[in-house]
Amino acid sequence: MPTVVDLRSDTVTRPTPEMYAAMAAAKLGDDVLGDDPTVAELEALSAKMLGKDAAVFVPSGTMGNQIAIAAHTQPGDVMIVEEEAHVLYYEVGAPAVLNSVLTRTVPSNQGVMDPHDIERAVMKRSLHTPGSALLALENTHNRGGGTIVPLAMMRAYRELADRHGLKVHLDGARVFNASVALGVPVSEIARHCDSVSFCLSKGLSAPVGSVLVGTNELIDRARLWRKRLGGGMRQAGLLAACGIVSLTKMVGRLADDHARAKRMATELQGTPGLSVDPSSVHTNMAMLDTERPAEEWLDALKEYGVWAMPPSSHRIRCVFHNDVDDEATSRAIEAVRAVAGRWS
Ligand SMILES: Cc1ncc(COP(=O)(O)O)c(C=O)c1O
């Protein structure tokens, strides 16, 4: 049996040989006491790349998002958020449970909200109504299919946030995918936001970790929240060393993942029992809409050593990453065709 082609997520990537070497060589300290030099280096590099004052290394993208919400809001404030955003859909109610914020949701087209809909969702603080404090964005958009929120939209969101006195947080778990696909520095996306959290442990292949960036003042508050939630890590330089490799060596290659996702969608167009739209592949995800339940497809694909995930009952998500090369992509495409052939 050949090795599995694991398309469930880009989180499954294993550390690269260079990351193992960087871990072995990393200078370490106690980051809770503030003296791990490798964490400090990762944070400085992150702030510089994103064009912000400061950064804080956190264990996960979820924690990065939640401490950003905590640092931007007071209990009872309103957060405006796209209705299928990760912070809402996949963080087990943390905005309500941890941060006591109300959420007003806005529909979107594959993750791209209409600024007029956001404007309609803004609530002005009064004796009777809670006030909107935060606009939460996601780029690329996970449930949208790894879709890009265009720069012009980011600009429009910033402009309306300023008009209404809202802070803007970007869940940029995959913001480097957006930057590579758009061909712009990641700071061009981040400049429209007060804070950005991004993941090292997805397409950038580090084993663990995310970074939250923003102003010095915001990151000082975020550090308190990280400690409060138990996110302070001691010799975290071991992990930060991998993150430095992610940022210095793994960004450019994301384009290969994007090309493979597009190739899969293009080659599977017209496959019986499936509906696939290559134009909706913006980055490293290909979505296959299935006539039969997605679970039946996933069970059948497993027999061919291909693993994927179902974001909904009749949709399969295939995510491309550093551990899926051209040959693995061909195997996945052939497996989908073979399964389709059984049922046609
Ligand atoms: C858009 C988005 N935000 C946040 C996260 C959370 O990251 P983590 O799994 O590190 O908590 C993910 C993870 O898949 C994600 O896709």
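Every number for a ligand or one of its atoms is a count from 1 in the order of the listing.
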Exercise for the section: For the residue pair F176 and F198, categorise the inter-ring angle as parallel (less than 30°), tilted (30 to 60°) or perpendicular (more than 60°). Expected result: perpendicular
For ligand 1, which atoms, with element, lie under 4.0 Å from some heavy atom of [X]?
X	result
R174	14 (O), 15 (C), 16 (O)
A173	1 (C), 2 (C), 3 (N), 4 (C), 15 (C)
S60	10 (O), 11 (O)

Please list the nearest protein heavy atom to [atom] with its residue and the distance rounded to 0.1 Å.
atom	result
atom 3 (N) of ligand 1	D171 OD2, 2.6 Å
atom 6 (C) of ligand 1	H86 CE1, 3.4 Å
atom 9 (O) of ligand 1	K202 NZ, 3.8 Å
atom 1 (C) of ligand 1	E138 OE2, 3.4 Å
atom 11 (O) of ligand 1	T62 OG1, 2.6 Å
atom 10 (O) of ligand 1	G61 N, 2.8 Å

Decide, yes or no, whether a salt bridge links [X] with [Y] under the criterion of side-chain N to carboxylate O below 4.0 Å.
X	Y	value
D257	R174	no
R120	D117	yes
D194	R158	yes
R163	E159	yes
R337	E334	yes
R125	D77	yes

Problem - Residue portion contacting ligand 1 (non-hydrogen atoms closer than 4.0 Å) for T11 - result: neither
Handout entry: Short N or O distance, N142 and ligand 1, threshold 3.5 Å exclusive
Key = yes
Practice task
State whether the number of non-hydrogen atoms from other residues, nucleotides or ligands found under 6.0 Å of Q74 atom CD is greater than 12.
Solution key: no
